[in-house]
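This report concerns only the one structure given below.
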2 protein chains.
Amino acid sequence: MTTDAPRVLIIDDEREIRRFLRISLGSQGFAIVEAATGREGIELAREAAFDLILLDLGLPDMDGQEVLKSLHWQCRAPVIVVSVREGEEEKVAALDAGAIDYVTKPFGIRELLARIRVALRAGASVEAAPAQVLAGEIRIDLAQRRVSRSGEELHLTPREYAFLARLAQTPGRIVTGRQLLIELWGPVFEHNTHYLRILVSRLRQKLGDDPRTPSLIQTEAGIGYRLMVEGDTAA
Amino acid sequence: MTTDAPRVLIIDDEREIRRFLRISLGSQGFAIVEAATGREGIELAREAAFDLILLDLGLPDMDGQEVLKSLHWQCRAPVIVVSVREGEEEKVAALDAGAIDYVTKPFGIRELLARIRVALRAGASVEAAPAQVLAGEIRIDLAQRRVSRSGEELHLTPREYAFLARLAQTPGRIVTGRQLLIELWGPVFEHNTHYLRILVSRLRQKLGDDPRTPSLIQTEAGIGYRLMVEGDTAA
DNA sequence: GGTTGGCGTAAAAGTTTCGTAAAAACCGTG
DNA sequence: CACGGTTTTTACGAAACTTTTACGCCAACC
């Protein structure tokens, strides 16, 4: 089945380690984002939603335990600590501070990958974000991956749902056609704008939205689309 | 569950190790049950509900990986493997077979305790899930590992049950095909999607669910499966 | 007033994914 | 070593989904 790649954030100051991890994890189908400092890592973790974070405790700019606490505090993603320090106290401190695992360098990449799979397995059951977006008669349940109209369940195809969910992530805001094409089809399809037109047409039918006076999916000619929601703040 | 002392099952053939663990864990407020063989351990795990299982892979009566698989499918408790073997392949195999952690002997007791706390932390979310799930005529008893239709007991194979139980753990929510394959067969089988199709087909027959208009196991083409439950249009 | 470019719709053709059955391989047990 | 239960392989028809192709609409612009 086609499923989007788990997103992994790597926080490590050593360029070589990052490179190694990027290649190793990338070949396993993970989407990688890198940070070289604690601050940068915390920043990234706050902005985007990751499925897993790999954290080196020996960062130059901040105390490792502090970074760990910050991460654990503000995001849901499980954190695996990677460190050169083997001391038991160090491990206990990290694990009690919220890390889900502690791996000492040098590590076998196959073991690390296995432990990452465990962490993702565990993290999958925790994600209980009650994210729901209401737009007129329509309710979009991002957690359950369901859409209903006036309480009645609607069946959307994978693409249709992906499109709607993308708009629902930034309610009321315009998402450019280019952005949508890249995210849903890939960079190669950047210019196949008619895909969007067909998709939107079918979607509006299912949602019961009149294209002339759209109350849900609004077209911004030459720019993109936006999802109208309850408290819409017209720009 | 969390208010009482967490119940820990120790499966290890060495009396000395058991004694050591019993004392160490006991002093931390855990309730301990011991088993000296694989069979005994599996038996106990099936009967009583434990919060955590500590498993030594070097048992005399059964292959460690077999014990692990049995435990992982039969009960919901997280399993921490304790072993003298340090080989990376050994670790990867155990983690992929369902272990939540792998600790090599000799180990520091404080680290083990910390890892136990992590495992319990992770297991807590699973415990929060309902022990019984009702879906139409079907009743799934996750605590007792039983499934019945209109009060009549159904016999499911280990895989069939594991599949259904996984869906029941997150009622109404989609579980991706990839996730199911990884959890039920292992990461190597990530792409053998036809396993799922065959399993679901047999399962639907047993459950009396029409594939065209499924009221129990719903297919989300290209994504995965979900179990429909009573509160279908949940807020 | 005609032309052009972006948009919306419909139906087809093409591709992927799903469901099922039956045979073959596997596995612990008697 | 044969046996019953289970899993895996193999194969194929049906359904769902995506992409192609074609055409009508409207507004802006020359």
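Being a predicted model, the structure only gives us computed values, none of them experimental. Naming: A, B, ... by sequence-line order, numbering from 1 per chain.
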Discussion item. dG19(C), OP1 or OP2 - any side-chain N/O from Arg204(B) closer than 4.0 Å?
Written reply: yes
Item to complete: Would you kindly give the CG-to-C1' distance between Asp209(B) and dG19(C), to the nearest whole Å?
Response: 13 Å
Discussion item. Looking at dT9(C), I'd like to know if its phosphate oxygens (OP1 or OP2) sit under 4.0 Å from a side-chain N or O belonging to Ser201(A).
Written reply: yes
Response to the item:
Atom CD of Gln205(B) and atom P of dA22(C) are separated, to the nearest Å, by 11 Å
Worksheet item: Ignoring hydrogens and geometry, is there a side-chain-to-backbone donor-acceptor pair from Arg18(B) to Asp12(B) under 3.5 Å?
Response: yes
Worksheet item: Which nucleotides of nucleotides 14-30 of chain D have their base under 4.0 Å from a protein heavy atom (B), which only their sugar-phosphate (S), and which neither (-), written as one string 5' to 3'?
Response: -S-SBBBB---------
Worksheet item: Do the side chain of Thr157(A) and the main chain of Glu160(A) share a donor and acceptor less than 3.5 angstrom apart?
Response: yes
Worksheet entry | Distance in angstrom units between Gln218(A) CD and dG8(C) C1', rounded | 16 Å
Discussion item. Measure CG/Leu216(A) against P/dG8(C) and give the value in whole Å, please.
Written reply: 14 Å
Worksheet item: Can you tell me how far CD1 of Ile198(B) sits from CG of Leu196(B), rounded to the nearest 0.5 angstrom?
Response: 9.5 Å
Discussion item. Output the rounded distance in Å from CG (Leu203(A)) to P (dG8(C)).
Written reply: 12 Å
Discussion item. Please determine whether side-chain contact (heavy atoms from CB on, under 4.5 Å) holds for the pair Val229(A) and Leu134(A), giving the CA-CA distance in whole Å, both sets of side-chain angles, and the decisive distance to 0.1 Å.
Written reply: CA-CA 6 Å; Val229(A) 286; Leu134(A) 297 172; over 6 Å; no
Worksheet item: Under 4.0 angstrom, heavy atoms only, what part of the nucleic acid is Thr219(A) near: base, sugar-phosphate, or nothing?
Response: sugar-phosphate
Worksheet item: Has Arg145(B) got its NZ or CZ under 6.0 Å from the middle of the six-membered ring of Tyr161(B), at an angle within 45 degrees of the ring axis?
Response: yes
Practice prompt. Starting from C1' on dG19(C), measure out to CZ on Phe163(B) and report it in whole angstrom.
Written response: 13 Å
Discussion item. Can you tell me if His191(A) has over 12 outside heavy atoms packed within less than 6.0 Å of its NE2?
Written reply: no
Discussion item. Set out, in order, the CA-CA distance, both residues' side-chain angles and the distance that settles side-chain contact (heavy atoms from CB on, under 4.5 Å) for Leu180(B) and Leu199(B), then state yes or no.
Written reply: CA-CA 11 Å; Leu180(B) 286 162; Leu199(B) 195 63; over 6 Å; no
Item to complete: Using whole Å, report how far CG of Asp63(B) lies from P of dG28(C).
Response: 10 Å
Worksheet item: Rounded to whole angstroms, how far apart are CG on Leu196(B) and P on dT8(D)?
Response: 11 Å
